[in-house]
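When a ligand or atom number is given, it counts from 1 through the structure's own listing order.
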Amino acid sequence: MTRVVGLISGTSVDGIDAVLVDIHGQDLEIKIDLVAGATYPYPKKLRERILEVCVGASISMAELAELDDAIACAFAEAANRIQVGHEKATLIGSHGQTIYHQPPERIEQEKISSKSPIGYSLQIGRGAVIANLTNTKTISNFRVADIAVGGHGAPLVPRVDLALFGDPQISSCIQNIGGIANLAYIPAFQGNYLDKVCGWDTGPGNSLLDFAVEHLTNGAKTYDENGAWGASGTPCQTLVEKWLQHEYFHLAPPKSTGKELFGRDYLQHCLQDASEYQLSPADILATLTEFTAVSIVHNYRNFLPQMPQRVLLCGGGSRNLYLKQRLQELLAPIPVLTTDEVGVSADFKEAIAFAVLAYWRESGAPGNLPSATGASHEVLLGEIHQPRIQELATSA
Ligand SMILES: Nc1ncnc2c1ncn2[C@@H]1O[C@H](COP(=O)(O)OP(=O)(O)OP(=O)(O)O)[C@@H](O)[C@H]1O
Ligand SMILES: CC(=O)N[C@H]1[C@@H]2OC[C@@H](O2)[C@@H](O)[C@@H]1O[C@H](C)C(=O)O
């Protein structure tokens with residue numbers, strides 16, 4: 001058994017999700033016990049700065065260094081706090097904070113482009129600083145090795161989903177709804193099921209809704225709690241159909257995206273469209289919720305090898321009851337549950353995943369799923385940073 005801390009702050013930038021888990025077994029045959037889980041909100045100023053940078057504010061190298069340090073310190077503090085009152089972990093897996101994500105260029109498009117054909121994804125909050133401040137071996141920077149072999153570096157969680165949710169009888173879609181939404185399709189474990197496992201980013205999760213709530217409340221609120229505001233409006237289906245023409249929804253997987261595509265700029269475009277239909281604030285939120293639900297289901301109907309027998313929701317969007325209800329109605333008769341209902345925390349599954357990815361790196365097991373990321377092959381993910389004491393011991 002290895003006790004591991006998993007840390008992530010996702011694209012919503014709402015705070016650092018931290019877990020303390022005990023992991024038993026090897027590779028895909030693992031068992032996980034959640035010892036503790038908590039979300040530590042970022043200080044308001046730090047969150048605002050990260051959000052600005054995520055949507056393209058220019059930043060000097062000195063400012064980037066300062067931001068990286070502030071995030072690393074916040075992550076180290078989260079790692080220390082989650083362990084208070086518990087036996088200490090021997091390993092930390094830290095995703096860090098994504099501030100930029102550029103998928104690899106699609107060569108088949110034969111576009112003339114100045115972009116590198118290799119993708120680029122930047123997660124900050126240096127693992128070396130976390131290892132030093134916590135005095136615990138820390139694995140970080142998980143996406144770069146997958147990108148180096150032609151992958152998107154995302155989504156990485158599907159391989160962990162395969163280990164956690166595989167079932168001999170039932171096929172499942174694990175649908176994460178964070179800032180961005182992504183899925184993992186896990187067929188029933190029969191025949192050559194491994195060939196059919198896949199995953200990709202479906203498009204916006206809560207990102208547009210969150211930006212809209214912030215805009216409509218002049219910053220007083222950051223999300224539509226339980227989806228109550230959106231549920232009180234009426235979606236404009238004409239706009240949903242229009243927005244669904246976005247080229248991302250017509251790209252075949254593997255594919256990944258971020259707030260570069262579905263961020264504040266895209267929301268401005270949605271609000272501009274909405275102004276032509278005189279939508280009330282509640283109608284705008286209803287329409288954005290509908291767009292999110294319909295875009296997820298559109299991905300299922302167009303790109304899954306087969307519809308799943310059940311859908312398991314996780315991420316903060318699984319708490320938006322209106323979004324959940326619309327997904328259930330659009331997918332009927334397929335049951336839509338949350339991962340909580342099958343014993344895996346919907347709030348902490350991503351943090352658990354980065355604990356598992358660190359554990360796999362330590363034991364020499366691959367972390368990526370090439371059918372999800374588009375990488376040419378499986379690779380070890382993550383860079384290892386040793387704790388202080390071991391460094392002193394080896395240098396003595
Ligand atoms: N009770 C709730 N009702 C409605 N929405 C909620 C609720 N709780 C959380 N959310 C939504 O979930 C978001 C946070 O979700 P989560 O922490 O899964 O995102 P993330 O991990 O940052 O994103 P990603 O998976 O894209 O990296 C919030 O910004 C909010 O929009
Ligand atoms: C570049 C990046 O941070 N991508 C995130 C984001 O948030 C959801 C979706 O987009 C997913 O691709 C990924 O996160 C999860 C943890 C993943 O890699 O599976």
Side-chain angles (χ1 to χ4, degrees), residues 6-17 37 39-42 47 50-51 54 93 95-103 119-124 141-144 146-147 151-161 174-184 199-214 221-231 253-263 285 288-289 292 313-324 338-339 345-354 356-357 367-369 372-374 381:
L7 303 170
I8 182 170
S9 168
T11 52
S12 302
V13 197
D14 53 340
I16 302 164
D17 292 337
T39 300
Y40 301 106
Y42 277 127
R47 174 171 196 264
I50 296 168
L51 282 170
C54 287
H95 171 267
Q97 177 68 58
T98 295
I99 56 164
Y100 181 69
H101 182 68
Q102 177 186 287
Y120 193 90
S121 196
L122 183 57
Q123 286 72 46
I124 61 173
N141 220 8
F142 287 92
R143 301 192 190 275
V144 291
D146 179 85
I147 290 173
H152 285 242
L156 295 180
V157 174
R159 192 183 183 96
V160 179
D161 287 338
I174 320 304
Q175 181 67 52
N176 172 57
I177 311 177
I180 295 298
N182 62 308
L183 68 80
W200 64 88
D201 287 355
T202 52
N206 303 291
S207 60
L208 300 173
L209 276 168
D210 286 356
F211 282 133
V213 169
E214 203 181 298
K221 290 192 172 159
T222 56
Y223 68 99
D224 182 12
E225 197 172 351
N226 304 330
W229 198 359
K255 57 180 177 175
S256 65
T257 189
K259 283 187 161 166
E260 294 78 10
L261 224 52
F262 297 109
L285 293 182
L288 289 169
T289 309
T292 305
L313 302 182
C314 56
S318 66
R319 310 285 169 218
N320 181 324
L321 301 179
Y322 176 47
L323 178 59
K324 184 168 184 245
T338 64
T339 59
S345 164
D347 292 332
F348 294 113
K349 199 200 68 177
E350 284 190 338
I352 293 170
F354 282 88
V356 173
L357 288 170
N368 63 336
L369 195 64
T373 64
L381 300 182

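Of the heavy atoms in Thr11, both backbone and side-chain atoms come closer than 4.0 Å to ligand 1. Within the 4.0 Å heavy-atom criterion, both parts of Ile180, backbone and side chain, lie near ligand 2. In Trp200, neither the side chain nor the backbone holds a heavy atom less than 4.0 Å from any atom of ligand 2. Contacts with ligand 2 closer than 4.0 Å are made by side-chain heavy atoms of Asp201 only, the backbone lying farther away. Contact annotation for Ser121 and ligand 2: only side-chain heavy atoms (C-beta onward) come within less than 4.0 Å of the ligand.
Taking distance alone, with nitrogen or oxygen atoms compared against 3.5 Å, Glu225 stays at or beyond that limit from ligand 1.
Closest to atom 12 (O) of ligand 1 among all protein heavy atoms lies Gly316 CA, 3.0 Å. The closest protein non-hydrogen atom to atom 5 (N) of ligand 1 is Tyr223 CD1, 3.5 Å. For atom 17 (O) of ligand 1, the nearest protein heavy atom (residue, atom name, distance) is Asp14 OD2, 3.4 Å.
Within a 6.0 Å sphere centred on OH of Tyr40, other residues, nucleotides and ligands contribute more than 12 heavy atoms.
In this comparison of Gly315, Ser9, Ser12, Ala181, the heavy atom closest to atom 19 (O) of ligand 1 sits on Ser12. Considering Val157, Ile177, Thr373 only, the shortest heavy-atom separation from atom 19 (O) of ligand 2 involves Val157.
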